[in-house]
Structures are given as structure tokens and as C-alpha cells.
A.B. asks: 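First the structure, then my questions, so here it is.
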Amino acid sequence: MERESRRASDSMIEHIYQVRPEYLNAAGRLFGGKLMEWIDEIAGLVGMRHSNGNIITASVDNLRFIRGAYQNDLIVLTARVTYVGNSSMEVRVDTYVEDFYGVRKPINRAYLTLVAVDSKGVPRQVPLLSLETEGEKAEWEAAEKRRKLRIQRKKEGF
Ligand SMILES: CC(C)(COP(=O)(O)OP(=O)(O)OC[C@H]1O[C@@H](n2cnc3c(N)ncnc32)[C@H](O)[C@@H]1OP(=O)(O)O)[C@@H](O)C(=O)NCCC(=O)NCCS
């Protein structure tokens with residue numbers, strides 16, 4: 001059977017939160033673990049949409065905290081598939097603080113690898129990704145390099 005193909009725009013998600021007092025750490029900033037939870041969640045939802053089923057998070061890399069966020073800040077997360085293998089998908093999640101005029105300042109970027117699994121937890125094949133823009137093609141090429149590094153790291157237990 002021919003492998004189905006999807007666009008990144010078919011599964012991409014944008015979500016917004018407001019930083020509540022219970023999300024702050026002792027230094028009065030958004031707790032990093034809270035942001036990591038949001039990142040993992042939105043990436044997982046994108047993976048489920050792309051693959052029409054359950055996924056698990058295999059790895060998270062390039063999780064880079066660029067600047068902090070504070071109480072009442074509006075936090076925007078955008079997530080899209082950048083690469084697919086056989087059963088795995090790479091999802092890029094960008095996080096911004098958005099002001100009341102819609103101006104966004106990046107606070108984080110992360111790449112997650114999700115693996116689509118069947119009801120027994122066994123990896124299953126995901127649809128291909130059709131690349132529509134030059135930006136998406138460049139992301140795909142960069143993702144191939146990241147994948148090689150991940151395989152190398154896994155081999156070396158690093
Ligand atoms: C992810 C997992 C299913 C991979 O199992 P595995 O035996 O290595 O499976 P495979 O070798 O068949 O690899 C399956 C895919 O995962 C990818 N993969 C495996 N380990 C990976 C890692 N550490 N980082 C990125 N990708 C990984 C492989 O490259 C492969 O991709 P492909 O099918 O697109 O080529 C397994 O390690 C696992 O269950 N981990 C626990 C995940 C989990 O519970 N997460 C918790 C949060 S939900």
C-alpha cells in the first residue's frame with residue numbers, strides 16, 4: 001500500500017497560556033519544568049495529529065532557555081513536524097512571550113523526537129511529510145543532521 005503523505009500545516013498547533021502565580025519558581029520566573037511540560041504536550045499532540053494515533057516521546061534536544069518569563073506574561077507555543085523517519089517524527093516547538101500588541105520575543109526552542117506506537121506499544125509507520133516551502137526543506141536537511149547526531153549519541157550512550 002502506498003504510504004500516505006501529509007503537510008506540516010495539517011498538524012501544526014499554536015497554543016497560548018498566561019503565567020499564573022502557581023507556575024513561578026522561587027526566583028519569580030516561570031518554572032522551567034512547567035514550560036517543559038507544555039512543550040512535551042504540544043509536540044505530542046502534533047505527533048498524534050500527523051500519525052493518527054498514539055505516540056511516545058523518545059528524546060528531547062536543543063532545549064534552550066533564551067530568556068525568562070514572569071507572572072501574567074502571555075506564553076505562545078507553536079509546534080510543527082520538521083522531519084519523519086519510518087516510525088519517528090521530529091517536532092520543533094518555539095516558545096515566545098507575546099505582548100498586548102502581538103509582538104513576540106522568543107524564549108525557547110526545542111526539538112523532540114516522537115515515535116508512533118500501536119496499541120501494544122510497538123513502533124508503527126507514520127505518513128510521509130510533503131515539504132511545501134524552502135524553509136521546510138531547510139528544516140528537513142537540518143533535521144537529518146540532528147538525527148545522525150542522536151543515533152551517534154545513542155550508540156555511544158552519551
Ligand atoms: C522510543 C522507543 C519505542 C524506541 O524503541 P527502539 O527499540 O529503539 O525502537 P527502534 O529501534 O525500532 O526505533 C524506532 C524509532 O525510534 C527512533 N529512536 C529510538 N531511540 C531514539 C532516541 N533516543 N532518540 C530519537 N529517536 C529514537 C529510531 O531512530 C526509530 O526511528 P525510525 O523508525 O523513524 O527510523 C523506546 O526506546 C521506548 O519505548 N522508550 C521509552 C519512551 C517513553 O516511555 N517515553 C516517556 C514519555 S511518553
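Just so we're clear, the structure is a prediction, and the values are computed from it rather than from any experiment.
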A.B. asks: So, taking the atom named CD1 in I39 and the one named CD in E41, what distance separates them when rounded to the nearest 0.5 Å?
C.D. replies: 11.5 Å
A.B. asks: Tell me, do S9 and E132 make a side-chain contact under 4.5 Å, heavy atoms counted?
C.D. replies: yes
A.B. asks: Are L131 and V81 joined in one hydrophobic group, where the rule is that I, L, V, M, F, W and Y side chains link up if heavy atoms are under 4.5 Å apart?
C.D. replies: yes
A.B. asks: Looking only at non-hydrogen atoms, find the nearest pair between R92 and T82 and report the distance.
C.D. replies: CB-CG2, 3.7 Å
A.B. asks: CG/L128 to CD/E2 distance, rounded to the nearest 0.5 angstrom?
C.D. replies: 8.5 Å
A.B. asks: Provide the full list of salt bridge (Lys or Arg N to Asp or Glu O under 4.0 Å) pairs with a residue in residues 111-121, sequence neighbours left out, each pair given once.
C.D. replies: none
A.B. asks: Hydrophobic clusters here meaning ILVMFWY residues chained together by side-chain heavy-atom distances under 4.5 Å, can you tell me if L45 and M89 are in one?
C.D. replies: yes
A.B. asks: Can you tell me how far apart CZ (R7) and OG1 (T133) are? Round to the nearest 0.5 Å.
C.D. replies: 12.0 Å
A.B. asks: Do the side chains of I75 and L24 join up, straight or via other hydrophobic residues, at under 4.5 Å, putting them in one cluster?
C.D. replies: yes
A.B. asks: Which ILVMFWY residues can you reach from V115 by hopping between side chains whose heavy atoms are under 4.5 Å apart?
C.D. replies: I56, V117
A.B. asks: Sorted by first residue and then second, give each side chain to side chain donor-acceptor pair (under 3.5 Å) pair with at least one member in residues 67-79; sequence neighbours left out.
C.D. replies: R29-Y70
A.B. asks: Any ring-ring contact (aromatic ring centres under 6.0 Å, His included) involving residues 126-151? Give me the pairs, sequence neighbours left out, ordered by first then second residue.
C.D. replies: Y83-W140
A.B. asks: Any heavy-atom pair between the side chains of K145 and K148 that's under 4.5 Å?
C.D. replies: no
A.B. asks: Minimum heavy-atom separation for I42 to L77, with atom names?
C.D. replies: CD1-O, 3.7 Å
A.B. asks: Identify whether I13 and V60 are in the same connected component of the hydrophobic contact network (ILVMFWY, side-chain heavy atoms under 4.5 Å).
C.D. replies: yes
A.B. asks: How long is the straight-line distance from CG of N108 back to CG of L35, given to the nearest 0.5 Å?
C.D. replies: 5.0 Å
A.B. asks: Let me check something: do V76 and L74 share a hydrophobic cluster, defined by ILVMFWY side-chain heavy atoms less than 4.5 Å apart, either directly or through other members?
C.D. replies: yes
A.B. asks: Where is the tightest heavy-atom contact between E90 and A143, given as atom of each residue plus distance?
C.D. replies: OE1-CB, 3.3 Å
A.B. asks: Do you know which of D10, V84, L114, V91 makes side-chain contact (heavy atoms from CB on, under 4.5 Å) with H50?
C.D. replies: V84
A.B. asks: Please name the pair of heavy atoms, one in S51 and one in P127, separated by the smallest distance, quoted to 0.1 Å.
C.D. replies: CA-CD, 3.9 Å
A.B. asks: Taking atom types as modelled, is there a side-chain donor on E37 or Y23 under 3.5 Å from an acceptor on the other?
C.D. replies: no
A.B. asks: I'd like to know if E136 and R80 make a salt bridge, using a cut-off of under 4.0 Å between side-chain N and carboxylate O.
C.D. replies: yes
A.B. asks: Hey, which of R150, R109, R147 is the one that makes salt bridge (charged side-chain N to carboxylate O under 4.0 Å, His left out) with D61?
C.D. replies: R150
A.B. asks: Please report the shortest heavy-atom distance between V93 and A43, naming the atom on each side.
C.D. replies: CG2-CB, 3.9 Å
A.B. asks: Output the distance between atom CG (N54) and atom CZ (R124), rounded to the nearest 0.5 Å.
C.D. replies: 7.0 Å
A.B. asks: Heavy-atom count check: over 12 atoms from other residues, nucleotides or ligands less than 6.0 Å from R104 CZ?
C.D. replies: yes
A.B. asks: My understanding is that only residues two or more places apart in sequence, or in another chain, count here; which of them pass ring-ring contact (aromatic ring centres under 6.0 Å, His included) with Y17?
C.D. replies: H15, W38
A.B. asks: Considering non-hydrogen atoms only, spot the tightest contact between I107 and A69 and give its length.
C.D. replies: CD1-CB, 4.2 Å
A.B. asks: With salt bridge (Lys or Arg N to Asp or Glu O under 4.0 Å) as the rule and sequence neighbours excluded, what pairs involving residues 48-58 come up?
C.D. replies: none
A.B. asks: Can you tell me if R6 uses its side chain to pair, donor with acceptor, with the backbone of V126 under 3.5 Å?
C.D. replies: no
A.B. asks: Are there over 12 heavy-atom neighbours, none belonging to F65, within less than 6.0 Å of that residue's CZ?
C.D. replies: yes
A.B. asks: With a 4.5 Å limit on heavy-atom distance, are the side chains of V19 and V97 in contact?
C.D. replies: no
